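Below, all heavy atoms of this structure are taken into account, side chains as well, without hydrogens, waters or symmetry copies. Lettering of chains follows the sequences in order, A, B, ..., and the numbering in each one begins at 1. Please read all numbers here as calculations on a predicted model, not as lab measurements.
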Amino acid sequence: GSTPTTGSSCSKTWKVGLVTDVGKLSDKSFNFDSYKGVQDAQADSSLCVQGRAIESSVESDYPKNIGQFVDQKYDMIVTVGFKLGDATIKAAKANPNIKFVMVDYGDFTDNPTPSNLVGLLFKEDQPGFLAGALAGLLTKSNVIGAVAGLQTVPPVVHYVQGYENGAKYTNPKVKVLKIYQPESGAKDFNDPDWGKQQATTFFGQGADIIFGVGGNTGNGGLLAAKEKGKMCIGVDVDQYVSYPDVDSCLITSAEKHLDKAVKTAITTMVQGSFKSGLLTFEMANDGVGLAPYHDFDSKISADVKAKIADVQAKLKAGSITTGVTS
Amino acid sequence: MAAAWRGRVVTTVLVPLVSVVCGFLVGAIAIVAAGADPLVAYGALFAGAFTNHNALAETLVSTTPYLGLGLAVALGFRAGLFNIGAEGQFYIGSLAGTFVAYSIHGLPPVLEVPLGLIAGMAGGALWASIAGGLKARFGAHEVITTIMLNYVSFLVASYLVDTKGLMLAPDVSTPRTPDVDPSAVLPVILAGSRLHVGFILALLAVPVVWFLIERTTIGFRLRAVGFSQGAARAAGISVGRTIVLTMALSGALAGFAGIVEVLGVNYHMTDTVAAGYGFDAIAVALLARSNPWGVLPAAFLFGALHNGAGFMQLETQISSDLISIVQASVIIFVAAPVIVGWLFRLRRAPAETVHITQREVDAPVT
Amino acid sequence: MTDFLSQLDPVSLLSITLITATPLVLAAMGGMMCERSGVVNIALEGIMLTGAFIGYGVAFFTHSVWIGLAAAIVSGMLIATLHAVLSISFLVDQIVSGMVINILAVGITGVFYRTYLESATTVGPGTFPHWDVPVLSAIPVIGPIFFQNQFVTYAMLILIFVVHFILFRTVWGLRTRACGEHPRAAETAGINVYFVRYVNVIASGALAGLGGAYFSLQQIGNFLPNMTGGRGYIALAAMIFGKWTPLGAFAASLLFSGSDQVGSRLQSVFHVPIPLQFLGMIPYVLTIIVVAGAMGRAVAPAAVGIPYKKG
Amino acid sequence: MDLDVSWRQVHALLGENGAGKSTLMNVVYGLLRPDAGEISFDGQRVEIRSPLDAIRLGIGMVHQHFMLIPPLTVAENIVLGHEIANRGVIDLAGASSRVHELSQRFGLDVNPRERIADLSVGTQQRVEILKALYRGARLLILDEPTAVLTPQEIDGLFAIVRALVAEGNAVIFITHKLAEVAQIADVITVMRRGQVVATTTPKESSSADLARMMVGRPVLLRVEKKPAEPGARSLAVEDLVVLDDRRHVAVDKVNLEVRAGEIVGIAGVEGNGQNELVEAIMGLRPMKGGRVLLEGHEIGRATTRSRLHRGLGLIPPDRHRMGVVLELSVADNLVLDDYDRPPFARWLVRQFSAIREYAERLIKTFDIRVQNPEQPVSSLSGGNQQKLVVARQLGTLPKVLIASQPTRGVDVGSIEFIHRQIVSERDRGLAVLLVSSELDEVLSLADRVAVIYRGHIVAVIDAKDADRERVGLLMAGAA
Ligand SMILES: Nc1ncnc2c1ncn2[C@@H]1O[C@H](COP(=O)(O)OP(=O)(O)OP(=O)(O)O)[C@@H](O)[C@H]1O
Ligand SMILES: Nc1ncnc2c1ncn2[C@@H]1O[C@H](COP(=O)(O)OP(=O)(O)OP(=O)(O)O)[C@@H](O)[C@H]1O
Ligand SMILES: [Mg+2]
Ligand SMILES: [Mg+2]
């Protein structure tokens, strides 16, 4: 759906451009979800947004693709993934009239943040922790697994470590099997078959819950759980909606609302409330969380639900930490 | 004589030109099938490649690696070697050059830049020599070995860049090597753009490679081996050494392309491997009909396509994979000039088919 | 010890190895039919990708994985026909032609995935059902490995024997091998070399197309750009490693996919800190060693790669 | 052109190399399409579009270069294309017994289960003939069938040919050897440059007549030369052992010496180790044992390049594979051995004016017919290509020349020229090792004749004492 919905009520069409990293839009992960935020904003006729994306194929494309939007006088440019960090900061400094949104990057520590740049940072360890806490309570075998994307991508690691710590928090006896996908170019975040086989291996080791973290690769893990009648936990978005094929095994999803965050950033611009700096999405501001239990709502005991609500409250309040340092 | 000359013009200019046009026509069909207007799409492609702000400079930036890589593959073709490994050599060359460039400090640019370049070329050369050596010593077909070595090189790159204590920069949030010193950087030659000295170097590589092939004894040796290993051997030319040398030269050019990309554009390397340069390089060399001068327009075309693709996607939201369709179609028409001949009734066009695979497979040379 | 065994879980290891070897074996046998008749096929990757895409696309719109399967095979045959036309009739260098198809496949699947499938978030057509073979599937060890699979894996297992039989026991196989070794001799024996090569190239497309269906219709129930991820090249390696025989290719594929699985297990179950990159190199390095003749020279059909010109 | 072949006859087709004999027969066998004209068979006009059409008519052909598939068995090769099969599945047992039966009937002794790669050339030829008979051939075309046979094997073949004709078949027998024609032919057609110049019989025309018809002018069938005046030992081979590609011993403890000013000819049926011997002497193939001495210096470890520079010269047996680079220019080919030495190169840069000057000189001296030195060698006729190879070797004034099949595939005029060059260089002190499968060439050119059989030099005979019969027997291993 690329036709801009410029209704008559729009005095100005806000042009929002998104630049992917080399993972491309089809990754069912960072790029896909971020662009969904742009598309959602476009679909929202009250915002008068027209969104476009450019996919990068090599690293040196990043500055250039950002430049394409700059040249077209876009109002806002969204860059996805920490790999575009350097290029984004540089472009932001050079183009103070354009708003920049950086997804998954918050490394402004030694740079003064340009006033037109906002970084979206997610505490993935928190929903990971919560998902782990749930898994720890629901596992019957005391073995759970996580099938993850690249270890070199920090959010992936945050999710997994949070998951592991969360599970041990509610169930000290639990054993967590985890595997990260080996780097291989085209298959990064895009190898569901591999993810599926890893999950199957974990079932052989007694696991009964799989957390799939890492785009299509993680989705493979979910699929395996569905086929083998095990439980599974989705990631990033409520996968009950985004990946209905596996709804029957999905107990919940560890959510980081990339799409909502991106849409929020766009909305602040449209409404004139854009603020630069770091937007941290965490439990405390409901920026991350756990998706509904959906089909499992009736199968999960009230006791478990209460415990999870308790953990969530404590994370919110900061009275417990996930033990994950980023 | 005049007829022969005209024949040459037809094969070296007209056939590639018509092929490019045909390739775009096929691409247009795909665009229509994908629900967009080919005129709009190609208009955007053109604008993105040439007329937008800085577009031409960016096209030249994209052209730069294709020059080195296209020359690398073309050089191999001339010796009858099918180097599918340009991509791997590109990475290994980048790694070696980057390592040297960020490790050295305090030297003036006139020293540091050449050291980086030399290390990059040496890395590519060594990596390519593996395939060359295996062919010379054991008769292992270079197509298979270079394909396999490509994958190995990706994994080597990922290992080196992702591992603490190796090439991973300390205190960075993304896996990448440290940045090279400013004194190792190839300076920008067009203010306000990213166009850097590396482009000039890559341009200069064209006549250098041409001279090497056509005017030097090395080039003669290489062509003799490419045409007839048996005759070359009987004339006392060491086929094995020539194969290794050719692969090394080819790899050096690919490594050159890699390190120039680092020193001119990125200043560091990441573990991200998704370029597909190796295949593009073959396409460039085929389009150039293995002639170094032909690499010039061919690389320019590929640079323009690569650069224009972004704006085309911006305007039409067609996947940039469309470029692959155009490229593949162009190669089809170049490699099968018969089709062009039919289409345009250039019946007299003495468009011989491109032949790369060796005429004779000799026993391993010891 | 028992702990080690239960951690190793050999039955599941072997079962997964067999499953993940499926597309490798199929594509390798496709490459084999092709190369045995004298045509190099480095287009396996592109053919599989096309098969995966078309198979899924058709299944998506018809709601039938079986129609999708047929489409995957037919599309593989069609794109292989392009390889045949270019390399046999137009005498295009076979490696160039194969490479073109790989690039083309990325382009076509990428563009049309974006246009027609990417935003579809409804439930897909699903995957082939799991079929347990009565009686046999109950055998310990053997049963779970061989007789509790899905269609493409069963087809692969059967096709190993079919292809072996065709190549080495039938008239067609003899003629195929003749065309790959000495096409001129075959022609003087009254064989239409072009016909034999065309049919074999197209057959290779059918096999690789079926291999493509493994990805989208057997394992995932979805299509993703580039989802074959270079397995076509590993299949090529398996074909060489297996010395151009179906059983050899089967063994090589098991070795490659097995090393992959063992590598993962070392990380996830045994926590052995071997960098995964090194394990990932195994198939490629093994292939290089084999091509270099260290494990007995792999002898390709003599005429493979050389376009045949009549007269 | 016209050609009439009758049943129960051996029809010899005679002509120089390149006269068009093979081309004509390829048309008859459906491998090539005629541009004009027609073919009748058994009085019917027929159109032969493919070998299959030819086979259906009962035409069989044994090609000059055998059409056998080395890794397949005899039976598989014979039945290929006409398999005995049961619903697509080959009946190899049935095929074997069919082959056995046929080989019994015509006295063609072969084992159907053996792989072609393991057979001798003579046996392979029998397989080829069986192949044709298996397909029901009534007209059998034999394209230069004797080129690879010993005189004794030739007699065996002739017996088979006569048996075939006696059964009512017809045989077209292609050759350019006059003696064979007299022995076997009932009718002779002589071709020259693609045209029939005469149809005659052995009784009507003598060998000299036939030779004149072939070439278009009287030919000297013998080489004129003075007796040799051998000097010092130039090339010596001691206890040389060389392996072939399959790692079998191809040259077995060979001792040989060639003195300055003499021509030593090596006679032997092809495939008895000649190529391996030559390649080992040139450093193109590793030696397994023994020594090679050039003017008393051991060169066994030297590279080909340094051997060439030290005064060895080579005319390789296979012009297209080893002699010339077809795609390069005449000038480039003339400096192929010395392209990187002064004056043809300074440092790494080639010196084109020096190369051209040198090339023009050689072209004139060796009478190479070219338009200009820059034209590619592929545009030269075979004879001129061979003259180019000879010019390149002799142009560097070597001390020893290894001439392997120096006149193969070359027209008579060029043969004369090349022979004269070799002899005159000998007279100036060149040592020549001549390897040829043409016994006549060896006998007429050599001063001493060495006979090679299965990798052994079985005899070295002075040219005066060497007669066809004796050498032929030695070549067959009857020592
Ligand atoms: N279509 C063609 N047009 C022109 N010349 C051709 C054509 N086909 C073959 N020739 C040439 O015709 C000549 C006849 O070749 P052919 O092989 O028939 O000779 P031959 O008499 O069998 O010689 P040999 O004794 O060497 O076998 C060769 O020079 C060949 O290159
Ligand atoms: N298929 C062909 N089509 C056209 N021309 C051909 C073909 N084959 C060979 N020729 C040309 O025919 C000419 C004769 O070739 P060939 O080597 O057979 O000559 P030849 O009759 O043996 O001559 P020579 O007496 O010098 O040995 C050459 O100029 C060659 O380029
Ligand atoms: Mg002939
Ligand atoms: Mg000739």
Considering heavy atoms only, which positions within residues 248-259 of chain B lie below 4.5 Å of chain D? none
Nearest 0.5 angstrom please: B:R241 CZ to D:R305 CZ, how far? 8.0 Å
Side chain, backbone, both or neither of B:I237 within contact of chain D (heavy atoms, under 4.5 Å): side chain
Point-to-point distance, once rounded to the nearest 0.5 Å, from CE of D:M322 to CD of B:Q229: 12.0 Å
By a 4.5 Å heavy-atom criterion (distance strictly below it), what part of D:L314 contacts chain B: side chain, backbone, both, or neither? side chain
D:E357 atom CD, over 12 foreign heavy atoms within 6.0 Å: no
Check D:R321 against B:S228 and note the closest heavy-atom contact, atom names and distance. O-OG, 3.4 Å
Per-residue contact mode, D:L348 against chain B (heavy atom under 4.5 angstrom): both
Do the non-hydrogen side-chain atoms of D:L328 and B:F227 ever get within less than 4.5 Å of each other? yes
Who pairs with D:Y358 by ring pair (Phe, Tyr, Trp, His ring centres under 6.0 Å), at least two apart in sequence or on another chain? D:F344
Ranking B:A224, B:A232, B:A234 by heavy-atom pairs under 4.5 Å to chain D gives rank one to B:A234
Just checking heavy atoms, which of residues 213-223 of chain B are less than 4.5 Å from chain D? B:E214, B:R215, B:T216, B:T217, B:I218, B:F220, B:R221, B:R223
Which atom names give the shortest non-hydrogen contact between D:L336 and B:A231, and what distance separates them? CD2-O, 4.0 Å
What pairs meet the side chain to side chain donor-acceptor pair (under 3.5 Å) rule with one or both residues in residues 344-353 of chain D, with sequence neighbours excluded? D:D332-D:R350
